[in-house]
Structures are given as structure tokens and as C-alpha cells.
Amino acid sequence: KAVAVIVVGGPTKGTRFRPLSLNVAKPLIPLAGQPMIQHPISACTQIPNLAQIYLIGFYEEREFALYVSSVSNELKVPVRYLREDKPYGSAGGLYNFKDLIMEDNPAHIFLLNCDVCCNFPLSDMLVSHKKYGGMGTVLVIKVPADAANQFGELVADPVSNELLHYTEKPETFVSDRINCGVYVFTPDIFSAIEDIYKQRKEIANLRRITSLEALQLATKSLPADFVRLDQDILSPLAGKKMLYTYETMDFWEQIKTPGMSLKCSSLYLSQFRSTSPHILASGDGSKCATIIGDVYIHPSAKVHTTAKIGPSVSISANVRVGAGVRLINCIILDGVEIKENAVVINAIVGWKSSIGKWSRVQGEGDYNAKLGITILGEAVTVEDEVVVINSIVLPNKNLNISVQEDILL
Ligand code: GDD
């Protein structure tokens, strides 16, 4: 058997996602018409003999309750949310729920960050992991050398694929191979985490100070019981024939900002083109709008036949799109109304917002720039003939004049 654990973090971690994360937890923000976290969850259902999927985080239980029960029914796999009372780090969180995770007696434990976007080649990783015979296998990808320092950089043996060296977000260049935040472990991972706690206790005893003080010293003021998978586990265990790597040649991105969520929505839409084309709008038939490229339209959305949609557009439930509307590379969330002849390009339009006739909501499309896309929070009203360029608008604002490069509080 196998179990999968997805670490989702908590409300203090999604701050770069404001204003969208003011309404829902970051892992539930829709990409390509499905909550961010549903993409890894769907991938987990492909794991042979999967018993459970656990989401571990420090969000309130109620933030995930509804989603967890609906996704369990929809995908026919038990998904459970486990709440930490505070952040314990990516490995500490896992360790806290050891007994529960081991209840099904799994031979393999998949661990996934919630904020990565890829095709999650989990079954292939498992095959390689069994062949290597180590404690863990890490998904890695080659990135441009100047981008690598935002991630865990690593060196692997080109023949055996053993992880030889690991440094988290190094200041000087180590390698252009990086940690993708997707792992498969044997249950020995729990002993490895336990060893960290033991080592920290020993330091405490040696220094004859309280264990809490020592741990805080050892971890440079991080809480005593905070264990990070990367720095605290991968770094010290590299080169000990315990950890191996699986390199993906497919797409991979990290989703830390709304700009990146727009890019990842588009990547998932194009993945649907090959994996599940029936999800995408076909544009066939005279009663349908003109569809260009990969577009998702929720069945409850009403799109006028004279609208032109795509490429890379996702339209959520109960959205209304009027005559002559043009949508390119955007995410339109539940209940939005877009009136006649409005244009939305490189933008995320928040729940229940309204865009007036002949208005324009647009970003330049630089996913990494702070104002590279335009984001409207929940229930924003853009009045008729108003132009909003490269701006972020907080919830419930009413815009009656045009704005550019602005953050509207
Ligand atoms: N439950 C829980 N508790 N989850 C947590 C906690 C915690 O205390 N802290 C972080 N997480 C979750 C986050 O939600 C995210 O999904 C994942 O753990 C990793 O977050 P960070 O620890 O903030 O690291 P990072 O995202 O900056 O970098 C990690 O992932 C990169 C790949 O995306 C590192 O492992 C990098 O090496 C790696 O390249």
C-alpha cells in the first residue's frame, strides 16, 4: 500500500497571494477550473494501491472541510485534512501525524508540496525508487542557472542517481538541478526525523541549558520542534546512499504569486489537451462562442455566442459573459459578470466581480513582475468604459476612473 501527504502550509504562508487569499486558502484557488491542490490530488489517484491522501496544514479545519468531502466523493479516494496547531515545518508536520499515516501500514509515503505545478510523474518515480532501494527519491528538474538559487540546489550521481549534495537556496551557485518538492519515501523517513529531534536534545544536554533554548539556538531562532525536510533532512543525508533523484523532462513551476498561478493555469489547460481533452471547451456548434486554443468553461457559465475566448482562459461556475466580449489568458472566478464588448487580458478576476461595457482589464503578462498581471479581488466593480492596466484591486472596490500600475486598497 501507499499513502500520499500534501503539505499545504497555513494562512501566514499565502500572503503573497493577496488579495485572492483573503477569500480562500491559497491551495484552493482555482487553476484551469480546479482548486490548485486538486491537480496533485488527481495525480495521486494514479498511484497503485493508494489507501489515503492526507492534507497537512495549519489553516482552520473549516477552510478545507467542504472541499475535502467533495473531492473524496468526486475522485473516489479518501482525502483527509489534518490540522497542525502551529507550523512545525514540512517534515515536522509529517512527523506529528506519524501514527495516523502508518495506520494503513504503507510501504511508501508520497510527500508533495501543494504549491508546485507539474505533471506529477508519481508512478514512474515509484518504479525508480524501488529500483534504487533508498529511503527516499526526490523529483528534480534542470532550470536556467540564474534561476536555481530560489530553490534547493542539488548534485546527483549521473549513473546511480544518488543525491550527493544538497543546499537549500544557496547564495553561491551549486547546481542547475533543483528540488521540485515532490518525494517518495519509505517509512524510514520517520526515523530520520526522529534522529533530528534526538540530536537537538543531545545538544541541549551538552550545553546544560533547557532543550527549548538549545533547539532555538541550533535552528537560529526557529521554534524548537520545527523540522524542515530540505535543510534538516535532505542536506545531512545527501551522499549517504539513502536518497536518490528522479529527473523530469516535462514542465515544472512553483506557484508563489498570482502571476505564477496564471502561468500554471495555462500549463494545466495545455496538459488537459493531451490527458483529458473532454474537459476543454470545443467551440463546435453554432450556439457556442468562438474558442481559441485551450479554454475551460464551467457548465453553469453563460457565454454569449458572439464572445471570443482564448487561448488559456478558465471560466468558473455561474459566470456570465456578454456579447462581443474578448478574453485572453485569464482566470475568471465564480459568479463574475463581464458585460458587452469588455476585454480581459492577462488577468485574474475575483469572485462576483463585475466588468462594465467596453471596459478593459489587462496586464502586460510578465508573470514575475509585481504588477505584471491585473488582479481584481472579490466583488470589485469596474464601471462601463473604465480601463484597468497592470493593477491590483482589493475586494469590494468600485472603479469609476481608469487606473494604471496601481494598487487600490
Ligand atoms: N503543514 C505544513 N506545516 N506545511 C508547511 C509548513 C508547515 O509548517 N511550512 C511549509 N509548508 C508547506 C508549504 O505550504 C509548501 O507546500 C511546502 O511546505 C514548502 O514550503 P517552504 O518550506 O516554504 O519551502 P519553499 O516552497 O520555499 O521551497 C521548498 O520547495 C521548493 C520546490 O517548490 C524547498 O524544498 C525547495 O528546495 C524546493 O525547491
Side-chain angles (χ1 to χ4, degrees), residues 4-17 21 25-29 35-37 39-41 53-61 63-64 80-98 100-101 110-118 120 136 138-144 147-156 163 165-171 174-183 185 189 193 219 222-235 237-238 243 245-248 251-257 260-261 263-264:
V5 174
I6 306 179
V7 279
V8 301
T12 55
K13 302 220 62 138
T15 52
R16 275 186 282 177
F17 254 82
S21 59
K26 170 181 151 181
L28 297 180
I29 292 172
M36 181 187 297
I37 198 171
H39 299 279
I41 291 178
I53 300 174
Y54 295 105
L55 315 181
I56 299 183
F58 48 98
Y59 289 99
E60 299 276 346
E61 238 119 27
E63 298 210 52
F64 280 88
R80 229 175 121 177
Y81 177 66
L82 305 176
R83 180 172 191 251
E84 301 171 273
D85 53 353
K86 62 179 180 91
Y88 288 94
S90 40
L94 182 75
Y95 189 78
N96 281 335
F97 296 104
K98 176 185 165 194
L100 207 70
I101 293 168
F110 285 84
L111 183 69
L112 294 83
N113 290 1
C114 73
D115 56 1
V116 298
C117 161
C118 64
F120 300 102
V138 185
L139 185 69
V140 313
I141 192 165
K142 185 178 187 301
V143 296
N149 66 353
Q150 310 159 40
F151 309 104
E153 294 184 16
L154 52 90
V155 179
L163 178 73
H165 181 73
Y166 185 94
T167 320
E168 185 61 26
K169 306 185 180 90
E171 273 168 29
V174 175
S175 163
D176 58 2
R177 298 298 197 285
I178 60 135
N179 170 11
C180 293
V182 177
Y183 317 83
F185 292 110
I189 182 65
I193 303 172
T219 54
L222 283 170
D225 40 13
F226 193 87
V227 185
R228 298 155 302 181
L229 189 68
D230 29 46
Q231 281 109 307
D232 301 324
I233 307 283
L234 302 184
S235 285
L237 295 186
L243 298 171
T245 58
Y246 177 96
E247 187 165 330
T248 175
F251 67 99
W252 180 89
E253 296 290 346
Q254 195 184 38
I255 323 168
K256 295 286 186 200
T257 58
M260 284 310 295
S261 74
K263 178 170 190 187
C264 292

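All ligand and atom numbering here is 1-based and tracks the order in the structure.
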Numbering the atoms of ligand 1 from 1, which are under 4.0 Å from a heavy atom of Y88?
8 (O)

State the atoms of ligand 1, each with its element, that fall below the 4.0 Å cut-off from a heavy-atom position in D230.
29 (C), 34 (C), 35 (O)

Between G152 and ligand 1, is there a nitrogen or oxygen pair with a distance under 3.5 Å?
yes

Need the ligand 1 atom indices (1-based, order shown) with element for anything under 4.0 Å from a heavy-atom of G57.
1 (N)

Could you tell me which non-hydrogen atom of F226 sits nearest to which non-hydrogen atom of D232, and how far apart they are?
O-OD2, 4.0 Å

contact_flag Y59 ligand 1 heavy-atom lt 4.0 Å:
no

Salt bridge or not between E247 and R177? Use side-chain N to carboxylate O under 4.0 Å.
yes

Decide ring-ring contact (aromatic ring centres under 6.0 Å, His included) for Y59 and F64; before the verdict, give the C-alpha distance in whole Å, the side-chain angles of both, and the deciding distance to 0.1 Å.
CA-CA 8 Å; Y59 289 99; F64 280 88; 5.5 Å; yes

R83 versus E60: any side-chain heavy-atom pair under 4.5 Å?
yes

Nearest heavy-atom contact between Y166 and G152 is OH-CA, 3.4 Å

Answer yes or no: does an N/O atom from I56 fall short of 3.5 Å to an N/O atom of ligand 1?
yes

Give, for atom CG of N149 and atom OG1 of T167, the distance between the pair rounded to the nearest 0.5 Å.
12.0 Å

Heavy atoms only: which of N179, N113, V143, L139 lies closest to atom 38 (C) of ligand 1?
N179

Within the structure provided, determine whether R80 and F97 are in side-chain contact (heavy-atom separation under 4.5 Å).
no

By number and element, which atoms of ligand 1 are closer than 4.0 Å to a non-hydrogen atom of V116?
33 (O)

Does an N or O from I178, backbone or side chain, lie closer than 3.5 Å to an N or O of ligand 1?
no

Does the distance from a Lys or Arg side-chain N to an Asp or Glu carboxylate O, for D230 and K169, drop under 4.0 Å?
no

Option with minimal heavy-atom separation from atom 6 (C) of ligand 1, where the choices are P87, G89, P40:
G89

Exercise: identify the closest heavy-atom pair between A91 and R228
CB-C, 4.1 Å

Under 4.0 Å from one or more heavy atoms of Y183, ligand 1 contributes atoms 35 (O)

Can you figure out which of K169, E84, R228 has its heavy atom closest to atom 27 (O) of ligand 1?
K169

So if I count the atoms of ligand 1 from 1 in the order they appear, which ones are less than 4.0 Å from some heavy atom of F58?
3 (N), 7 (C), 8 (O)

Against ligand 1, does G93 come closer than 4.0 Å with any heavy atom?
no

Per-atom filter on ligand 1: closer than 4.0 angstrom to a heavy atom of Y166 are 37 (O)

Closer than 4.0 angstrom: is that true for some heavy atom of K256 and an atom of ligand 1?
yes

Could you tell me if the side chain of C118 sits less than 4.5 Å from the side chain of L139, heavy atoms only?
yes

